Amino acid sequence: MRAALLSLILALVAGQTPAPLPSQNAGDVYICPMDPDVRSNNPGKCARCGMALVAGLPDPVEYHLDLSISPRPIKPGQPASLLFAVHDPWKNRPVTNFQVVHEKLFHMFVVSQDLEVFLHNHPTLGSDGLFHYDYVFPKAGMYRVLGDFYPDGATPQLIAKTVIVPGQAPKPATLARDYSAKDAENLTVELVTEPQQPISGAKTQMIFRVKPADGLEKYLGAWGHMLVASADLIDMIHEHPFIADGGPQIQFNVIFPRAKNYRVWVQFQRKGVVNTAHFDVPVKELGNYIARLPPQPN
Amino acid sequence: MRKCRLVFIFTVFLLSAPAFTHDIITTPVTWNREISRIFYSRCIACHREGGMAFSLLDYREAFPWRTAIKEEILERRMPPWGAVKGFGDFRNDQALTPEQLELVTSWSQGGSPEGEAKDLPSKDKLEEMMKESAWYGNAAHAGRQSGEIIAKGDFKLTNSFVLDGLFPRNVPQSGSFQIIAEFPDGRIEPLLWLEGYKEQFAHVFLLQTPLELPAGTMITGIPAGSSIALLPAPKD
């Protein structure tokens, strides 16, 4: 008995693999294509965004997104035509059938390297099977363009592209913590995070409070939209609220990947007006990572 | 004294134990369904028995590493692709997609469940997924290739060139380098954004579509002391 107890304690202390876990997924699984963590054993709609849950689990393959821009070279302040073409990853065939996600076939985010330019808009699908958008790049430098779309029979795609506008590029952004309340178009946005100091790789609750909250509406099928970008533009994350009910408090859960500074844009709609505000969030590393590595097997 | 020591050791065990007990499962993502598929297509070429790193082929092998795995992939240290996604398009791209990053993070944070055996990919599927890895066939590109051009510093092409890929050589182990092509007509194309590239995991970056570079194109952004092999597209 004593030996069994000791071996149990030793096993626990040694961090051995636990015994097989009880089944997590009995029967068919229905998944929200937009929020992959929302699943059910029964068909229905996503409680978070309202999309129909889909059965099964397609392999998460990455499609090809080609972005061509004319005229070239791109000139700052001059109109440019953006064309997005989607191809399948197996035979590079053009893909022209897409699911509507948050009321649109294609969501596009544009962010400049100094993080001063932010755009969330929706290229339209033409009869040529390409997504079209006319845009004026306001200044020279690097832009990251994020395409968010969902080909039929696939998984949702979030693909970044890079556009470089010739000319004198602005200096890269240097961000400092900025949680100050922001006056947007017709409401004020306040931010509190839990923990107060976000840690890389761990969940941060980002709790926004809007004033006034009367007349708050869903924007593109969600109570809010968030884009998170690291100051170096390597990480770009598109999130929707984790908890929101049309009231003044809207909570997003974010895992900041790295100990960097991040800019976070949020969009809320009130009385038909889309409000955009941004906050700057420095993210720190948790302690000594190496000390927590398990020993290398022989 | 001996009794006191035993009590002390037992108390230490009891205090230590909760950190290693079962985590509460808060994620629907499982090893057998999502995570094994990601690992088989992105990690197992090296992380397997007889491979160049410890095995992550099996749930029981991967489970103890769950926290380290999450941190390695979020920091983009693993898989060791060494380039930023979306700056140039590569047909052998091994970087994890945002969706894959989210799945592995959710699994690691949410108790890392194994799931049901029926969800594991078949052995045939496993082998097929492993072959997708860029590390297979890499050796074919490691040596000098006929027709390649070695670019150093700010490099100007004297003749037109159809670029099929890039192979960094002697790149600093840390740092971030954006290599671009400036065309004679003024347009700029992003070629490769090296970030944390390591010689230890040297590999070629093969373009999704060959890029025609006219004579006079400048290749800039190559770090000092480094060179980049510009690989020619095969002629028809």
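As the structure is a computational prediction, the values presented were derived from the model and not from experiment. All chains are named by letter (A, B, ...) in the order of the sequence lines, taking the proteins before the strands, and each is independently numbered beginning at 1.
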Chain B contact via Met236(A) - side chain, backbone, both or neither, heavy atoms under 4.5 Å = neither
Contacts of Lys75(A) meeting side-chain contact (heavy atoms from CB on, under 4.5 Å) (sequence neighbours excluded), chain-then-number -> Gln78(A)
Is there a donor-acceptor contact under 3.5 Å from the side chain of Lys70(B) to the main chain of Gly201(A)?
-> yes
With chain A, which of Pro98(B), Ser108(B), Gly110(B) has the greatest number of heavy-atom pairs at distances under 4.5 Å?
-> Pro98(B)
Per-residue contact mode, His64(A) against chain B (heavy atom under 4.5 angstrom) | side chain
Looking at side-chain heavy atoms only, is the closest gap between Phe87(B) and Ile164(A) below 4.5 Å?
-> yes
Heavy-atom distances under 4.5 Å only: say whether Glu182(B) touches chain A with side chain, backbone, both or neither.
-> neither
Which pair of non-hydrogen atoms, one from Val84(B) and one from Arg144(A), has the smallest distance, and what is that distance?
-> CG1-NH2, 3.5 Å
Winner by heavy-atom pair count (cut-off under 4.5 Å) against chain B, out of Pro257(A), Ala259(A), Pro156(A) | Pro257(A)
Let me know if Ile73(B) has heavy atoms under 4.5 Å from chain A in its side chain, its backbone, both or neither.
-> neither
Non-hydrogen atoms of chain B under 4.5 Å away: do they reach the side chain of Ile69(A), the backbone, both or neither?
-> neither
Which atoms form the tightest heavy-atom contact between Thr155(A) and Glu99(B), and what is the distance?
-> OG1-OE1, 3.2 Å
Which region of Glu75(B), side chain (C-beta onward) or backbone (N, CA, C, O), has a non-hydrogen atom less than 4.5 Å from a non-hydrogen atom of chain A, or is it both or neither?
-> both
Which portion of Lys203(A) sits near chain B, non-hydrogen atoms under 4.5 angstrom | both
Of all heavy-atom pairs linking Ile234(A) and Arg76(B), the shortest is O-NH2, 3.9 Å
Less than 4.0 Å between a side-chain N and a carboxylate O, is that true for Glu62(A) and Lys85(B)?
-> yes
If every non-hydrogen atom of Leu65(A) is compared with every non-hydrogen atom of Asp89(B), which pair is closest and at what distance?
-> O-OD2, 4.1 Å
OG on Ser70(A) to CZ on Arg187(B), rounded to 0.5 Å = 11.5 Å
Close side-chain approach of Glu71(B) to Arg258(A), heavy-atom, < 4.5 Å = no
For atom CD of Glu49(B), is the number of surrounding heavy atoms from other residues, nucleotides or ligands below 6.0 Å larger than 12?
-> no
